[in-house]
**Student:** 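A single structure is presented below for examination.
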There are 2 protein chains.
Amino acid sequence: MARNQDLNQKMRDQRKEQILSNALALFATRGLSATKISDIASASGVSQGLIYHYFRSKEEVFVELVRTAFERLNNACRELEKLPLSPREKIRRATEGLLHNIEESKDASRYYLVITQATASEAIPEEAKAIIDGERMLPYEVMKHIIEEGQADGSIGNHDASDLSLVFWTSIKGLAIHRAVHGTKFKMPDPEIIMSMFV
Amino acid sequence: MARNQDLNQKMRDQRKEQILSNALALFATRGLSATKISDIASASGVSQGLIYHYFRSKEEVFVELVRTAFERLNNACRELEKLPLSPREKIRRATEGLLHNIEESKDASRYYLVITQATASEAIPEEAKAIIDGERMLPYEVMKHIIEEGQADGSIGNHDASDLSLVFWTSIKGLAIHRAVHGTKFKMPDPEIIMSMFV
DNA sequence: GTCTATATCCAGATAGAC
DNA sequence: GTCTATCTGGATATAGAC
């Protein structure tokens, strides 16, 4: 009895994951409003109506993806901060990790695109806006903090720490977009280019 | 007679400009498909039907903006290449000019957003895709060329020139998006941060 | 849990009056 | 040149059968 319920729950979760993953690909390449529920359904190989068995609306699917996107990015930032490394090494680790991640995982670069779109667009659900308002600053702040530590110990040059953090993240996001758009036919740049901003 | 025709033509052009400018603001903040013809009309203070007196469709408005965006950016790149300056000075001039432009002109940063959206989205008119295919590489190539010259004369460091050009432009675009989204409440970073990638 | 059929709504585009 | 009224198509979301 309990086993059956577990199994059902598992299948339900799997189907939900499948829908979310296909929706992610579509939202990333077409945006929220140009993506039709029927697109998501046919990409997932199910009928249009079935989507509503798992989600209340198209917007709910989008909100869930935005939430996941920020959760992953911000958790990674918190982990980074705790790493037992020098400030400079933290930044190198982050840069290499991010670029590697963007290169290897289709989903990773797609999540960045969804974050960028969601941040850049006013035409998104209120709930998504609330998530963005609460979450979007954390990566900038963590990076700024690490930079300031590096400047205190002399291992990072004296550009304004907020500026540096901003340019760091805009570069990363720009590369993620590039990768999501142009796929594997473009190779990631040498992380040392990014690192040279911190000299 | 001819004077009247001239005047009419001029008013027609002005109205067209007005519609395009309002459409640019809306496309930049909401994207193509979330922007309604009626939004453009009411932002421009005219009736919905009147838009169709000036454009065949919403997509035609979008295509015209994409065309203008690439025209301006690519012309600026061609001008840059011809400037009687050393490679390093060209890059400094470009960086300062771009950041200043993005900071001062609402339209400039909006055009970048439209370019980015158009490049990143599959849900755009075929005609826009054709423009992008033909135009999008020019800025990367011009910058790559300048970098190679600078590497030949020893004034620019030896990172891969394609990589450097890519990171340069993704940084600029990222900052333009940031500015278009967050408006005047964020200040542009010191151009020297970007310049330090070229050391 | 899944599908088909359908109700409802809304946006793009057109027609015609002024 | 400009507006109002309207047609039409298509997308979201629901209802109900299996």
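Every chain is numbered from 1, with letters handed out A, B, ... down the list of sequences.
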**Student:** Tell me whether the side-chain N/O atoms of A:Arg12 come closer than 4.0 Å to OP1 or OP2 in C:dG1.
**Tutor:** yes

**Student:** One thing to verify: whether A:Lys187 and B:Asp163 come together as a salt bridge, which I'm taking to mean a side-chain N less than 4.0 angstrom from a carboxylate O.
**Tutor:** yes

**Student:** Over how many whole Å does the gap from A:Leu7 atom CG to C:dG1 atom C1' extend?
**Tutor:** 13 Å

**Student:** Send over the distance from B:Leu50 CG to D:dA5 P, rounded to a whole Å.
**Tutor:** 16 Å

**Student:** What is the distance, rounded to the nearest whole Å, between atom OH of B:Tyr54 and atom C1' of D:dC3?
**Tutor:** 13 Å

**Student:** At 10 degrees resolution, what angle do the end axes of the helix from C:dG1-D:dC18 to C:dC18-D:dG1 form when each is taken over five base pairs?
**Tutor:** 0°

**Student:** Figure out the CD1/P separation between A:Ile19 and C:dG1, and round it to whole Å.
**Tutor:** 11 Å

**Student:** Between B:Tyr140 and B:His145, does the ring centre distance come in under 6.0 Å?
**Tutor:** no

**Student:** Remember a base hit wins even if backbone is also touched, and classify B:Ser33 as base, sugar-phosphate or nothing at under 4.0 Å, heavy atoms.
**Tutor:** nothing

**Student:** Roughly how many Å is it from CD in B:Gln14 to P in D:dG1, rounded to a whole number?
**Tutor:** 12 Å

**Student:** Taking only the side-chain heavy atoms of A:Arg15 (C-beta and beyond), determine which of C:dA13, C:dT2, D:dT4 contains the nearest atom.
**Tutor:** C:dT2

**Student:** Answer yes or no: does a side-chain N or O of A:Tyr52 lie under 4.0 Å from OP1 or OP2 of C:dT2?
**Tutor:** no

**Student:** Does A:Arg56 make a side-chain N or O approach to OP1 or OP2 of D:dT12 shorter than 4.0 Å?
**Tutor:** no

**Student:** For the side chain of B:Gln48, counting heavy atoms from C-beta on, which of C:dA13, D:dG1, C:dC3 is nearest?
**Tutor:** C:dA13

**Student:** Taking atom C1' of C:dC9 as reference, at what distance in whole Å does atom NZ of B:Lys36 sit?
**Tutor:** 12 Å

**Student:** I need the CG-C1' distance between B:Asp13 and D:dG1, as an integer number of Å.
**Tutor:** 14 Å

**Student:** Report the residue from B:Asp39, B:Asn22, B:Leu26, B:Leu20 that forms a side chain to side chain contact (heavy atoms under 4.5 Å, CB included) with B:Ser44.
**Tutor:** B:Asn22

**Student:** Looking at every strand, decide which applies to B:Ile37 at a 4.0 Å heavy-atom threshold: base, sugar-phosphate, or nothing.
**Tutor:** sugar-phosphate

**Student:** One thing to verify: whether A:Glu81 and A:Arg78 come together as a salt bridge, which I'm taking to mean a side-chain N less than 4.0 angstrom from a carboxylate O.
**Tutor:** no

**Student:** Which value, rounded to the nearest 0.5 Å, describes the distance between B:Leu65 atom CG and B:Leu24 atom CG?
**Tutor:** 5.5 Å

**Student:** Tell me if a side-chain donor or acceptor on A:Glu96 pairs with a main-chain N or O of A:Pro191 at a distance below 3.5 Å.
**Tutor:** no

**Student:** Between C:dA13, D:dG1, C:dT2, which nucleotide gets closest to the side-chain atoms of B:His53?
**Tutor:** D:dG1

**Student:** Between B:Asp39 (CG) and C:dA11 (P), how many Å, whole number?
**Tutor:** 8 Å

